[in-house]
Student: 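Submitted below is the structure of interest, expressed as C-alpha cells.
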Amino acid sequence: MPAVRPAETVAVAEDYLHERGPTLESTHPLALGPVTAPPHTVDGFVKEFLRELNYGQGVPLSRSSLNDQYMALARTVRGYLTARWLETATRRRQSPHKMVGYLSAEYLLGRQLDNALLATDLSAIAEEAMKVCGLELDALRQAEVEPGLGNGGLGRLAACFIDSLATMDAPCVGYGIRYEYGIFKQTFVDGRQVEVPDNWLSMGGPWEIAHPEMEVPVHFGGHVERATADDGRERCTWVPDWSVLGIRYNVMVPGYQNGVVNTLRLWRAIATRAFDLDIFNAGDYASAVRSQTVAENISKVLYPEDSTPQGKELRLQQQYFFVACSIFDFLKHTQPTDLDVRELPERIIFQLNDTHPVIGIPELMRLLIDDYDLTFEEAWAITKQCFAYTCHTLLPEALEVWPVSLMERLLPRHMEIIYQINEVFLAEVREQFPGDELRVRRMSIIGDHPERSVRMAHLATVASVKVNGVAELHSQLLRDKVLADFSEMWPEKFTNVTNGVTPRRFVRQANPFLSKLITDTIGVGWVANLERVRELETYAEDPEFRAKFREVKAANKTRIAAVLERRDGILLPEDHLLDVMVKRLHEYKRQMLKLLHIVTLYEGIISGDLDPATVTPRTVVFGAKAAPGYRMAKEIIFLINSVASVINNDPRVQGKLFIAFPANYNVTLAERLIPAADLSEQISLAGKEASGTGNMKFALNGALTIGTDDGANVEIRKLVGDDNFFLFGMTEPEVADLQARGYRPTEYYESNEKLRRAINLIDSGHFTGGNREAASMVIGDLLYNDRFLVLADYQAYLDAQAEVEAAYADQEAWSRSAILNVARTGFFSSDRSMRDYINRIWHIQTGF
Ligand SMILES: *Cc1c(COP(=O)(O)O)cnc(C)c1O
C-alpha cells in the first residue's frame, strides 16, 4: 500500500493530542487508553469502515447498499473527528474563557463528508481504503444528501463562519434549528418551478449525535401573575399554557487539520407527552396526537423565504424555540452550577445573525429577573453586554416586525419586558434629544403602522454592544439611512465586518485543480492563511503559469459539463465563455437584466443586425430558487426557461449562444459550477445587495466580475483593480437621485431601440409558444413599475458586456486578470471576517 499521507502531518496531529495531557478517560483505572482517533493508515481505516458497516449498518460488504456504504464511511470519518471533539470540549471545560454563542436560524452546510475528510487529512487514505474494499470514494460522496438548513447567503455565511472559528481554535457554539425538512428541492415542470420537500434525513443522518435525555422545556402562551414579595419588590410568574421540549443534536465542526472540533448544536422540538393515552384509549386518535403534531411542527420545516420575512406565528415559535433552548443550554449545561450571572458578559457573547434570534434579548432578561431574581436595572445592565447584532439587509420590507397582539398571545412576559426596555430606552432618547418627539416615534421599538408591532431591528440595536453591516457600503448605508437615528445616538456602536467565505470548501475542496496549481507554486500554507495567495501576483506575468491556469479552467468546464449532463441532461458546450448567474431569484438581484442581455444578443443575430462571426460564443448558466409564494420571481423563472428552450433549439444561434438553467441550485452545485466560470454576474441594483458572498467565491476561483457598485463588489473591485473588473451601472446616490426625481421606465423603453426590440420580442410571445399572456406580468412590471431600475441600467450593462467580449478575445490578458483576481482576493476568507469579529466585537481569546 502506498504511503498516502505525509508522515509529518500525522506526527503533528498526534503530538497535538499528546501535548494536551491525559484525558479523564485515560486516567481511569478501567480506561482502555487515551481517547485518540483510529490510526491514520489505510489498514486502520479499512478496519474501522468494515466495523461500521458490519456492526453499525448490520450488513456484510457483499450485501451492502450504496447507502449502507455511505453511512459506514461517514461514521468512520466521524469516528476520527470524535476523539478530537471530546478533546476540544475537555480542554475548553478545564480552562473556561469567554465564548461565542452564534445564534442563527439557518446553516446552509452543504455536504459534510468531503469537508470532514479534508479537515482530518484523510482524503487520500479514504480513497485507497475504499479501493481496497472494491468501492469508489467518488460514488460514495455523491450518495450524500446535503443538509440544506438555510435559504441562501445568510445561512451559508453562518456555515462559513463556524468553519473558520474551528480553524482558528476559537471557542464557539453555533446554535440553530434541526429542521426535519430543509430548503425545498426545486424541479421544473414545463418550465415552472415546482417545490418538492427536502427529506434530507430519510436515509439517516450520520453526522449528528442526538441527546434525547438532555431535554429543554420551552413554554408558550398563558398569562403573567404578579405578587409583592416580603422585600416589597414585585415578582412576576409566567404561567404558560403550553410547552414543548427541545432535544439537542450535536454536529461536529472540524477545524482545518488542527485537531480542533467545535460544536454546532441544533434543536428539535418534540411534545412533552408523546400522546395522551386516555384520549387514545377512548378512541380519539386524532386528538391524542394533536399536541404532538403542534409541537413537532415547530422544527418541521425551514421557511423558504429569502430577503422577505413572513410574519407567521409558526416562524415566531421557531425563533423563540431555538433561542430559548440555546440560552438555557448555555446557562445550565455549559456553565458551572454556581455561576454568578453578573459575570455573564465575561463568559458569553451571543451574535445575532440578523433579527431572527432577537427574541433572545427579552428571554435573557426574563431569566435574569424571574429566575435569578435580579432587578430590571441589573438584568438590563448585563443583557446589554451579552449581544451583538449583524444586520443583513437594506430592503425596508425585509426588516422583521411582529404584531404586538401576536407577541402578547404567544410570549406575554416577553412583551412586558420589551415595553419596559422601550420605556427606559425612549427616556434616554428624550434626554439626549429634548423636545424631538418625531425622533422618539421613529426610534421606538414599538411601531404603529400598519398595526402596533415590535421592530426587531430596533430592539436588537438598542440591546447590542455592537451593530455591524456586512460590507463597507452596506455598513455606511446602515449608519446613514436605515439606522441613522441610532448611529447619531451611539456612533461608536456601529461597525463593519465584511463577509467572507471559507477557502477550505470554496477553493480547496471545490477546485482541486486550482488548489494543486497554487500549492505547487507557493506551498500549502494558503489554505489556512488565504492572504498568502498574493504570492501568485507575479505569476500572472508568467506565460507558462497562465497556460496552466487556463488548463485548470478547461478541466473545470469539462467537469461541470459531465455533472450537468448526469444531473440535468444538459449538454453544455465546453469551449464557450462561461457566464454564470447563480443566487436566489429576487427582483433586486436583477436576473431580468441578464435575460434582456441574452435576448438582445439573440434578437441581434436573428434580425441580421449582428454578424454572428463577431459574437463571442457564450453559455449562460442560471441557478436560482424562488420563494414558493413569490409570484414575480416564479414568473421570471418560467420566462428564463422559455427563452432557454427557444434559443437552445434555434439553429441560427447554434454555437453562439446557449442557456443552461439546472434546477435546484444548492451548495453542491455551487462547488462544481463556480470553479468553471469565466464571468461572474453580480448585477444587483446599487444599494440593495448588502454584501453578497457568491461574488467572493467566483473571484477566488478566477472568474472576472461584471458588477454594479454594490455590496462587497465595491471591495472586490478595489482589491483586484479597475482593469480586472467590469463595472457598470448607477451608483447608490444616483439611484436615490433618479428615484427622487421620479423614475419612468417607459422613457428608456422608448428611447432605446435595442431595449425596445428585446422587450417586444418577449412580449410578442416568441418564447412562449405564441402566448403573449405568459410574459405579461414580468413585462408589465418592467415597463410600468421596475422598482429595481432594470431598464435604467440596461444600456450600461450592454456596454460592459461588449467590453467583456473584447477582453475575452485576448486570452493572455484575460488569464492575467483572472489570476490577479485569485491573487488579490485573499481578504475574502471568512477567517479574516472572524478575526474582525474577534477584534472589533467579541474580544475573545483563541487557542488556549
Ligand atoms: C454562496 C451561496 C449563496 C449566496 O449567493 P449570493 O450571490 O451572494 O446571493 C446562495 N446559495 C448558495 C447555495 C450559495 O452557495
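First listed ligand is number 1; within each ligand, the first listed atom is number 1. All residue numbers refer to positions in the sequence shown, counting from 1.
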Student: Does ligand 1 have any N/O atom under 3.5 Å from a protein N/O, and what are those pairs and their distances?
Tutor:
unit_1: ligand 1; atom_1: 7 (O); unit_2: Lys583; atom_2: NZ; d: 2.7
unit_1: ligand 1; atom_1: 8 (O); unit_2: Thr693; atom_2: N; d: 2.8
unit_1: ligand 1; atom_1: 8 (O); unit_2: Gly694; atom_2: N; d: 3.0
unit_1: ligand 1; atom_1: 9 (O); unit_2: Lys589; atom_2: NZ; d: 2.8
unit_1: ligand 1; atom_1: 15 (O); unit_2: Lys697; atom_2: NZ; d: 2.6

Student: Mind running ring pair (Phe, Tyr, Trp, His ring centres under 6.0 Å) on Phe161 and Tyr837 for me, showing each step along the way?
Tutor: CA-CA 10 Å; Phe161 282 3; Tyr837 273 94; 5.6 Å; yes
Student: Listed by chain and number, what are the side chain to side chain contact (heavy atoms under 4.5 Å, CB included) partners of Asp114, not counting sequence neighbours?
Tutor: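 Expected list: Leu117, Arg141, Gln509.
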Student: Is a salt bridge present between Glu681 and Lys594, judged by a nitrogen-to-oxygen distance below 4.0 Å?
Tutor: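 A salt bridge is present here (some side-chain N lies under 4.0 Å from a carboxylate O).
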Student: Strictly by salt bridge (charged side-chain N to carboxylate O under 4.0 Å, His left out), give each pair with a member in residues 692-717 just once, sequence neighbours left out.
Tutor: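 For residues 692-717: Asp709-Arg717, Arg717-Asp722.
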Student: Considering residues at least two apart in sequence or located in another chain, which fulfil the ring pair (Phe, Tyr, Trp, His ring centres under 6.0 Å) criterion with His356?
Tutor: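 His356 satisfies ring pair (Phe, Tyr, Trp, His ring centres under 6.0 Å) with no other residue.
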Student: With ring pair (Phe, Tyr, Trp, His ring centres under 6.0 Å) as the criterion, how do Phe658 and His576 come out once you've worked through the C-alpha distance, each side chain's angles and the decisive distance to 0.1 Å?
Tutor: CA-CA 9 Å; Phe658 185 83; His576 286 190; 7.5 Å; no
